[in-house]
Amino acid sequence: MVTKGAIILSRGYQMRYSQYFLPTLKETPGDAEVVSHQLMARAGMIRKVAAGIYDYLPFGLRVIRKVENIVREEMNRAGAIELLMPAVSPAELWHQSGRWQEYGKELLRFKDRKETDFCMGPTHEEVVTEIVRGTVRSYRQIPLNLYQVQTKFRDEIRPRFGLMRGREFIMKDAYSFDIDDAGADVSYRKMYQAYRLIFERCGLEFRAVEADSGTIGGSFSHEFMVLADTGEDAIVSCNSCDYAANVEKAELRPAVGQAPAPGMPLGKVATPNLKSIDDVAAFLKETPQKMVKTLVLQNEREETIAVLLRGDRKLNEIKLCNYLDCKHIQLADEALVRKLTGAPTGFSGPIGISCRVIADQDLAVMSDFGLGANEENFHLTGANHGRDFQVEAFVDLREAEAGDECPRCSGKLEAWRGIEVGHVFKLGTKYSEKMHATVLDDQGQERILVMGCYGIGVGRTAAAAIEQNHDENGIIWPMPLAPFQVIVTLLNPNDEAVLAAGEALYTQLLDAGIEVLLDDRDERPGSKFKDADLLGIPLRINVGARGLKEQSFELQERRSGERTMLPIAGAAARIAEQVRAAL
RNA sequence: CGGGGAGUGGCGCAGUCUGGUAGCGCGCCAGUUUUGGGAACUGGAUGUCGCAGGUUCGAAUCCUGUCUCCCCGACCA
């Protein structure tokens, strides 16, 4: 207990709110857009130091540690081995992989005093591959999965949303090494399973979705998406089977059957100033589904192409890039459209256009549709491919949306927004080949290691948890992530009976191994309630004179708001039990 | 990088157009009364008005430059 003039090293001393460092904010900082950022700032978890760079204050750090520990336990259980690589790495390694050139400005580069180039590590394939090639020579040492939990730096063009998209952030990154493809697949599946367990343990609602493997060209990849309306990614999942994919990747089933034979002649109608599909369709008394829109695009090689889509569909640019084998594509500007079609934007069509024309696969079953006429203020009706114009190919080019048929079963797709908290990636030999990471197999043959890499955004996971678990009063932590499991609120710490009873409970809970914060501040109860709600600690025990008269504490659950009276005798044991049940 | 907005006490903001020596709310400190959902009153502290130049008798305010932050877009293993 507190003795005046002496240095107190009492157990749990720092878990007294009055002595803790927990600067909460009544008002929302002006630069916080999304709720997780607002609440993290208000709850004294983080403070901004620079754009995308944050302090983790004690309360926030406790949550980070919770996520990290769950990640570590499941990684270890899956056979991965923890190490720690440097945050700074020499350009030399990046030259070997070719990424010193490939990586854009996101890679923060600088020179040391000897004018040697270095960078802050945005990821560690090079570094880990260098470790392995220098130490692993035999197939007997394989498979190997090395991971770390480390601060990464990516100089994002536009950091935003607090920990959701920072430049400096904590990431768990793991790298697997196998002697062949089959082995790499096993490693991949192990990580996939471990990730499922991790996010389940975090109490999050998520989907593991197929993702576009992007420019890396790996064979497959899954993203783990926490479902949240504020998520930066759009995903679809089947309501019947376990198919789920990022819309960037989501395949669509080819339309069945054949286009009905043309039944209408090609006609031309004046559509003055009607540029959007919806306007033209309404004018023609047709639905957008009976219209075809023509998008004129240009890629980084300055190739132009026209894409035909059903009027109500959206283009998936990634599918188009994959088809064209290019990196970027964008809508052509007004001048280019005029050059290729002879008309301003809004009237483009495939007939008479001077560039390649491809169509979404849905077009294959359409006939007698409306089109732009490539002439200002005119559209065509009764158009038919084959008869009126040719297309180079019918390709799956549109973006999946809710209600589409599942490509794997007879179910329907549902659409969600998601926050990407994890990504598992089969890398193949991209790095091992360039950096000569090889081992000898049992035949004495040199084999290039097959790699996988697996990331989890630790801070982002915490932020996603808040996006998914909050109300108008603040955060509602899932028990496994809660920085404190219980808060004991002394309604009037100046009342000696209240103080004594609260201290006793606090001590008993500590003894029971519960993480408990004792709100012993000399504040009005209302303030403490508001702070407790903001902080989101799952269980609150109100200790007040009123309850003590009945030999009881009051237990209040953060999520439901439900209050129950708890007899003092055995209270700590019951609370501890409730905490354990929720872990 | 393109477009837009903003830098004034710890936080949220007003004041800038029309130059006259800085203000409000919250928070903070002291005291009194309070004490089951962000108390009331009294008194108090805290600002090189982002930075650097310039104009002027005088600059938060006008001019020039510069830095930072935010939003939209582009971009993003």
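As the structure is a computational prediction, the values presented were derived from the model and not from experiment. Every chain is numbered from 1 and lettered A, B, ... according to where its sequence line falls, protein lines coming before strand lines.
- With sequence neighbours excluded, the residues satisfying salt bridge (Lys or Arg N to Asp or Glu O under 4.0 Å) with A:Lys152 are A:Asp173.
- In A:Asp229, the CG atom is not crowded: 12 or fewer heavy atoms of neighbouring residues, nucleotides or ligands sit closer than 6.0 Å.
- If you check residues 529-544 of chain A against RNA chain B, the residues with a heavy atom closer than 4.0 Å are A:Phe529, A:Lys530, A:Asp531, A:Asp533, A:Arg540, A:Asn542, listed by number.
- Legend: residues meeting side chain to side chain contact (heavy atoms under 4.5 Å, CB included) with A:Ala87, ordered by chain and number and at least two apart, are A:Met120, A:Gln150.
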Practice prompt. At under 4.0 Å between heavy atoms, which parts of nucleotides 4-12 of chain B does protein reach? Answer with one letter per nucleotide, 5' to 3': B base, S sugar-phosphate only, - none.
Written response: -------BS

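- For A:Met171, whose side chain is taken as the heavy atoms from C-beta onward, the closest listed nucleotide among B:rC76, B:rG37, B:rA77 is B:rA77.
- Classified by interplanar angle (parallel below 30°, tilted 30° to 60°, perpendicular above 60°), the ring pair A:Phe206/A:Phe224 is tilted.
- Residue A:Arg524 has its side chain nearest to B:rU34 when only B:rU34, B:rC69, B:rA77 are considered.
- Side-chain proximity of A:Lys48 to B:rG37, B:rA74, B:rC70: nearest is B:rC70.
- Place A:Gln556 and A:Glu106 on RNA chain B by their nearest nucleotides, and A:Gln556 ends up nearer the 5' end.
- In this structure, the nucleotide among B:rA77, B:rG36, B:rC70 sitting nearest to the side chain of A:His423 is B:rA77.
- To the nearest angstrom, P of B:rU68 lies 11 Å from CG of A:Asp155.
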Is there any protein nitrogen or oxygen under 3.5 Å from a nitrogen or oxygen in nucleotides 27-29 of chain B, and what are the pairs?
{"residue": "B:rG27", "atom": "OP1", "partner": "A:Lys26", "partner atom": "NZ", "Å": "3.3"}

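- Here the side chain of A:Ala50 is nearest to one of B:rC76, B:rC69, B:rC72, namely B:rC69.
- A cation-pi arrangement, defined by a distance under 6.0 Å to the six-membered ring centre and an angle within 45 degrees of its axis, is present between A:Arg109 and A:Trp100.
- Sorted by residue number, the list of members of residues 229-237 of chain A with any non-hydrogen atom under 4.0 Å from RNA chain B is empty.
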